[in-house]
Amino acid sequence: MTDTTSTDTPTFSDFGLHPSILQAVAATGYTTPTPIQSQAIPVVIDGRDVMGAAQTGTGKTAAFTLPILHRLMASANTSASPARHPVRALILTPTRELADQVADNVAKYRQGTPLRSAVVFGGVDIGPQRDALRRGCEVLIATPGRLLDHVEQRNVNLGQVGILVLDEADRMLDMGFLPDLERIVRLLPAKRQTLLFSATFSSEIRKLARASLNTPVEIEVAARNATADTVSQIAYPLSGDDKRAAVVHLVKSRGLNQVIVFSNTKIGTSRLARQLERDGVKAESIHGDKSQLDRMKALEAFKAGELEVLVATDVAARGLDVAGVPCVINYDLPYNAEDYVHRIGRTGRAGAKGEAIALFAPDEERFLLDIEKLIKAKIPRGSLSLPPRSRFSDRTRGSMPSSRKPVDDFFYRPYVPSASASQKGGEPSGKAASSATGKRSVGVLLGGGR
DNA sequence: AAAAAAT
């Protein structure tokens, strides 16, 4: 399926894109299309449906945005009346952040054109979105729930949508959006162009594709579920407090900035960010229980380089495009091996080098084995030399400095139902004693092999 | 077992 046999280096001007769009592309500094762009752009310009498997970070957003804008320009509505700006292209994404980010891209590439775009998603005031919809836009980017809200309020009519994009379709299905998607699709003209992008082609995705696509062209760049070869991977066996110490150590000893640390739970994510702050690491957290404003603030601060660490749930695992993330740390291993691939896809983007570090407790090793099976590669095991544990940085229960307020203590004590109280005490196993160097060699006792 | 998404 992969076709990279072209002899000359292609350029964006080879596609015959509208001059205004080409100019916007030139302004971004990109000159050479990525493989998925080379494959998708001509096909989309031709009006064909597309079933695309592409890792994020491959330039997927521009791969559909550029030809869509081109098609809209080719049949541009020259009327100046706002009422003559019906939605003609609809782009659906699973998360609010992703919708926002795709909208930024669309806004950038439509600069020199008369086309308008708008973005709608939940968690923020609906008023400004309603105003934007009523002013009119040719391109609408949305998460499904809020879009249906607008439909019910008659803020938007989808009867003129000629192009539908389902971005991260597998994720939308995972999140239970299928009924919403079906409702939305029923509101669209049957005669339309549909582009479906998905990390995997599961049977559910194929079913959705059969229902919504018309003889699609299948495009697949890079092997499915393969991790970008620009990302180096390593796994450190660590548990409990040593995981946090390792994050602090990695960030501080290497002067890292803009590291994404993934945790499996919203509570764990908040707690870890707080603890890292206490350890002198500039950290913020992002997860679905935070207000949309806080989520956007955290992401903005992270993008602006103001944070050393962004601690995130899988809300940030897919699609988010932040330039220059040098390193992704899996503080918990994800339950689904596929999520690992998405998480580490936040680094090593656009050909840059990246590093993916997994911290795994003994009971998480089975997840690591699942991941290795999925990516068909072994992730090398390493061991970290952590600085000696200072009395004052030791958060282990019972050794809290007396200056600590009792209320803080609460956050560090895992909740243990009284019926089964008592067994979780003691130090994690697998921790080596201090060596003569004063470094604690951690994890080696856990071994690395199978 | 957990996260996300309309309110």
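Proteins come first, then strands; the chains are lettered A, B, ... in the order of their sequence lines, and each starts at number 1.
Across the protein-nucleic acid pair, A/Phe262 atom CZ and B/dA1 atom P stand 22 Å apart, rounded to whole Å. Between the P atom of B/dT7 and the CZ atom of A/Arg146 lies a distance of 4 Å, rounded to the nearest Å. At whole-Å resolution of the value, CG in A/Leu148 and P in B/dT7 are 12 Å apart. For A/Glu168 and B/dA4, the CD to P distance is 15 Å, given to the nearest whole Å. In this structure, A/Leu173 atom CG and B/dA3 atom C1' are separated by 16 Å, rounded to whole Å. B/dA3 atom P lies 10 Å from atom CG of A/Asp332, rounded to whole Å. The distance from atom CZ of A/Phe367 to atom C1' of B/dA1 is 8 Å, rounded to the nearest whole Å. Between the CD1 atom of A/Ile286 and the P atom of B/dA3 there is a distance of 14 Å, given to the nearest Å.
Within 4.0 Å of A/Asp339, counting heavy atoms only, lies no atom of the nucleic acid at all. Residue A/Gly176 is classed as having no contact, given no heavy-atom separation below 4.0 Å to the nucleic acid. No contact: A/Asp314 has no heavy atom under 4.0 Å from any strand.
Residue A/Arg96 places at least one side-chain N or O closer than 4.0 Å to OP1 or OP2 of B/dA5. Under 4.0 angstrom from either OP1 or OP2 of B/dA4 there lies at least one side-chain N or O belonging to A/Thr313. Taking 4.0 angstrom as the limit, A/Thr143 places a side-chain polar atom (N or O) nearer than this to OP1 or OP2 of B/dA6. Within the structure, every side-chain polar atom (N or O) of A/Arg295 is placed at least 4.0 Å from both OP1 and OP2 of B/dA3.
Between A/Ser117 and A/Arg110, the side chains place a donor N or O and an acceptor N or O closer than 3.5 Å (distance only, hydrogens not considered). For the residue pair A/Gln37 / A/Tyr30, no side-chain donor-acceptor distance below 3.5 Å is found, with atom types taken as modelled.
Among the nucleotides B/dA2, B/dA6, B/dA4, the one closest to the side chain of A/Val315 is B/dA4. Nearest to the side-chain atoms of A/Arg171 among the listed nucleotides B/dA6, B/dA1, B/dA4 stands B/dA4. Relative to the side chain of A/His287, the nucleotides B/dA5, B/dA6, B/dA4 differ in distance, and B/dA4 lies closest.
Taking the six-membered ring where tryptophan is involved, the planes of A/Phe367 and A/Tyr335 are perpendicular, since the angle between them exceeds 60° and thus also 30°.
To the nearest 0.5 Å, atom OG of residue A/Ser285 and atom CG of residue A/Leu276 are 10.0 Å apart.
The residues A/Arg318 and A/Asp170 are annotated as salt-bridged, a charged nitrogen and a carboxylate oxygen being separated by less than 4.0 angstrom.
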